[in-house]
Amino acid sequence: MKVNIKNEVKSYYGNIAKRVNSKSKNACGCGSDTTNNSKLYTKDFIQGLPDEVVNASLGCANPVVLANPQKGEVVLDLGSGGGIDVFISSKYVGETGKVYGLDMTDEMLKLANDNKEKIGVNNVQFIKGYIEDIPLNNETINVVTSNCVINLCESKEDALREAYRVLKKGGRLAIADVVMLKDIPESIKQSVEMWVGCIAGALPVKEYNRILAKIGFKDIEITPVNIYTKEIIEDIAKQKNLGDVYSKIDSDLVDGAFAGAHVKAYKL
Ligand SMILES: C[S@@+](CC[C@H](N)C(=O)[O-])C[C@H]1O[C@@H](n2cnc3c(N)ncnc32)[C@H](O)[C@@H]1O
C-alpha cells in the first residue's frame, strides 16, 4: 500500500468532523449504520451528554466500561475524535481527576472543544498530536483508553509502546478496537478505503497479543464483543464506494472475519 495512510485517515475523519460540525447527518467511521454506534453505550454511560457528542461517536465498542475510571485518576484517550469517551470518563474521575483526549485531526479537535464548551467540564483537555509520539511525560497516566483507533495506525507497535511509556506502574490499557478473527482476501487487505474504515488495518488477535507482550504488558485479555457479519461488512464496503471490490469476493470469506473487541492489559 503505497499511499500515505496518515494523510488519508486525517482527511477522512476531518471530513466527518466537518459534517458533524455543520450539523448534517453523521457518517460512521469505523463501523457502518448497521453497527448502530449509539447502541455501543448503555444509557448510564451517555446520560447527560448532549446529542452532538453521542452522534459524533465513531467507535466500535465501549472502552470506558472496561477502563472503570476511578475518582482522582488521570485518563488518556488516544484518537479522541468528538470526545465521547473523554466526556464519559470525566464523569467518573471527577474534579480531582483529569482526562486528556489526543487526536491528530484539527477538525476533530475543534468538534471536541466545541463539545467541551457545551458540556462545561473543567477536568478535560484535548491535545493535538500523534498517538505514535504522545506529547506527555513518562508514567503520568493511570489508564489509557482508545476506541477504534489503533487499527488505523500503520505501526501499532509504536502506538502501543507509547501507551506503555506514559502509563504509571500499575496502570492499565483499556481499549476498544477492531480485530481480525480469520484471514481475509488480499483485495480487502490492499484497500486504502477499507483501511480508513477500520477494517484492512485490523490485527489478528494472536498478533495483537504478541505485540502487547513484547512491549511488556501483562495480564493481556482480548475479547471480541461485536462480531461483524457479512451484511455489516457489505454495508461498510458500500459506504466507502467499494461495492465493486466486495461484489468480487466470496462474502462467506469475510463473514465474521472482524469484530469490535475489548483489549485490556496492565503495566506492572
Ligand atoms: C474512528 S475515529 C474514533 C474517534 C473516537 N475515538 C470515537 O470513538 O468516536 C478515529 C480517530 O482517531 C484519530 N486518529 C487516527 N489515527 C491517529 C493517530 N495516528 N494519531 C492521532 N489521532 C489519530 C482520527 O483523527 C479520528 O478522530
Side-chain angles (χ1 to χ4, degrees), residues 4-21 26-32 35-41 45-46 49 52-67 75-89 99-113 115 124 126-136 144-163 166 174-178 192-202 226 236 239-240 258 260-263:
N4 184 325
I5 284 287
K6 248 196 190 68
N7 284 347
E8 294 288 328
V9 169
K10 251 187 213 169
S11 148
Y12 182 74
Y13 288 98
N15 283 329
I16 291 182
K18 271 191 241 163
R19 284 202 293 274
V20 178
N21 272 324
N26 180 25
C28 290
C30 262
S32 73
T35 60
N36 200 344
N37 281 19
S38 61
K39 287 198 178 147
L40 296 179
Y41 301 89
F45 283 94
I46 51 178
L49 292 182
E52 292 91 325
V53 173
V54 179
N55 292 341
S57 160
L58 297 167
C60 53
N62 175 356
V64 188
V65 72
L66 189 66
V75 178
L76 166 65
D77 186 51
L78 303 175
S80 42
I84 184 162
D85 297 314
V86 169
F87 298 121
I88 295 174
S89 285
V99 188
Y100 293 101
L102 174 68
D103 207 287
M104 67 178 180
T105 306
D106 288 325
E107 295 87 344
M108 275 297 178
L109 288 163
K110 177 175 175 359
L111 176 63
N113 277 313
N115 285 335
V124 160
F126 291 101
I127 44 183
K128 183 172 174 175
Y130 294 110
I131 68 176
E132 300 88 340
D133 186 16
I134 299 173
L136 291 173
V144 171
T145 61
S146 183
N147 199 346
C148 215
V149 181
I150 303 298
N151 63 76
L152 294 170
C153 297
E154 279 177 290
S155 175
K156 278 82 169 139
E157 190 168 327
D158 287 348
L160 293 167
R161 196 177 293 286
E162 274 292 272
V166 297
I175 64 184
D177 202 9
V178 178
V192 176
E193 289 85 350
M194 285 305 229
W195 188 294
V196 298
C198 307
I199 293 292
N226 299 317
I236 293 172
Q239 285 182 30
K240 320 279 176 222
F258 299 95
H262 276 157
V263 178

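The figures here come from the full heavy-atom set of this structure, side chains too, leaving out hydrogens, waters and symmetry mates. Counting starts at 1 for both ligands and their atoms, in listed order.
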Exercise for the section: Mark the output for S80 as yes if a heavy-atom distance to ligand 1 is under 4.0 Å, and as no if none is. Expected result: yes
Practice task
State, with a plain yes or no, whether a side-chain heavy atom of P135 is found less than 4.5 Å away from one of L102.
Solution key: yes
Exercise for the section: Report yes if some N/O of V149 lies less than 3.5 Å from some N/O of ligand 1; otherwise report no. Expected result: no
Completion exercise
Here the atoms of ligand 1 under 4.0 Å from any heavy atom belonging to Y13 are 1 (C), 2 (S), 26 (C)
Problem - pair D77-S89: side-chain heavy atoms closer than 4.5 Å - result: no
Practice task
For ligand 1, note which part of V9 has a heavy atom under 4.0 Å away: side chain, backbone, both or neither.
Solution key: side chain
Fill in the blank from the handout: With heavy atoms and a 4.0 Å threshold, my read on which part of M108 contacts ligand 1 is side chain
Problem - Where P63 and T145 come nearest, the two heavy atoms and their spacing - result: CB-CB, 4.4 Å
Handout entry: Numbering as shown, the atoms of ligand 1 that approach S57 to under 4.0 Å (heavy-atom distance)
Key = 9 (O)
Exercise for the section: Ignoring angles and geometry beyond distance, decide whether K6 reaches within less than 3.5 Å of ligand 1 through its nitrogen or oxygen atoms. Expected result: no
Handout entry: Min side-chain heavy-atom separation I46-I88 under 4.5 Å
Key = yes
Handout entry: Contacting atoms of ligand 1, where contact means under 4.0 angstrom from a heavy atom of A56
Key = 9 (O)
Exercise for the section: Evaluate the side-chain proximity of L78 to I134: yes if any heavy-atom separation is below 4.5 Å, no if none is. Expected result: yes
Handout entry: Contact check, G129 vs ligand 1, heavy-atom distance below 4.0 Å
Key = yes
Completion exercise
With heavy atoms and a 4.0 Å threshold, my read on which part of E132 contacts ligand 1 is side chain
Practice task
Would you mind reporting whether E154 and W195 have side-chain heavy atoms less than 4.5 Å apart?
Solution key: yes
Problem - Any E52 side-chain heavy atom under 4.5 Å of V20 side chain - result: no
Problem - Side chain proximity check, Y130 to D158, heavy atoms < 4.5 angstrom - result: no
Exercise for the section: Could you check which of L102, D103, I131 puts a non-hydrogen atom nearest to atom 20 (N) of ligand 1? Expected result: I131
Handout entry: Inter-residue atom distance N7.CG - M104.CE, 0.5 Å rounding
Key = 8.0 Å
Fill in the blank from the handout: Note: ligand 1 atoms sitting under 4.0 Å from heavy atoms of G59 are 7 (C), 8 (O), 9 (O)
Exercise for the section: Answer yes or no: does an N/O atom from N147 fall short of 3.5 Å to an N/O atom of ligand 1? Expected result: yes
Handout entry: Beyond-backbone contact of I199 with F258, side-chain heavy atoms, under 4.5 angstrom
Key = yes
Completion exercise
Near L152 (heavy-atom distance under 4.0 Å), the atoms of ligand 1 are 10 (C), 15 (C)
Fill in the blank from the handout: Between I84 and V54 the two heavy atoms that sit nearest each other are CD1-CA, 3.9 Å
Practice task
Tell me which one of G81, C60, G79 gets a heavy atom nearest to atom 6 (N) of ligand 1.
Solution key: G79
Handout entry: Atoms in ligand 1 with a heavy atom of T105 nearer than 4.0 Å
Key = 24 (C), 25 (O)
Problem - Part of A17 within contact of ligand 1 (heavy atoms, under 4.0 Å) - result: neither
Practice task
State if S146 counts as touching ligand 1 under the rule of any non-hydrogen atom under 4.0 Å.
Solution key: no
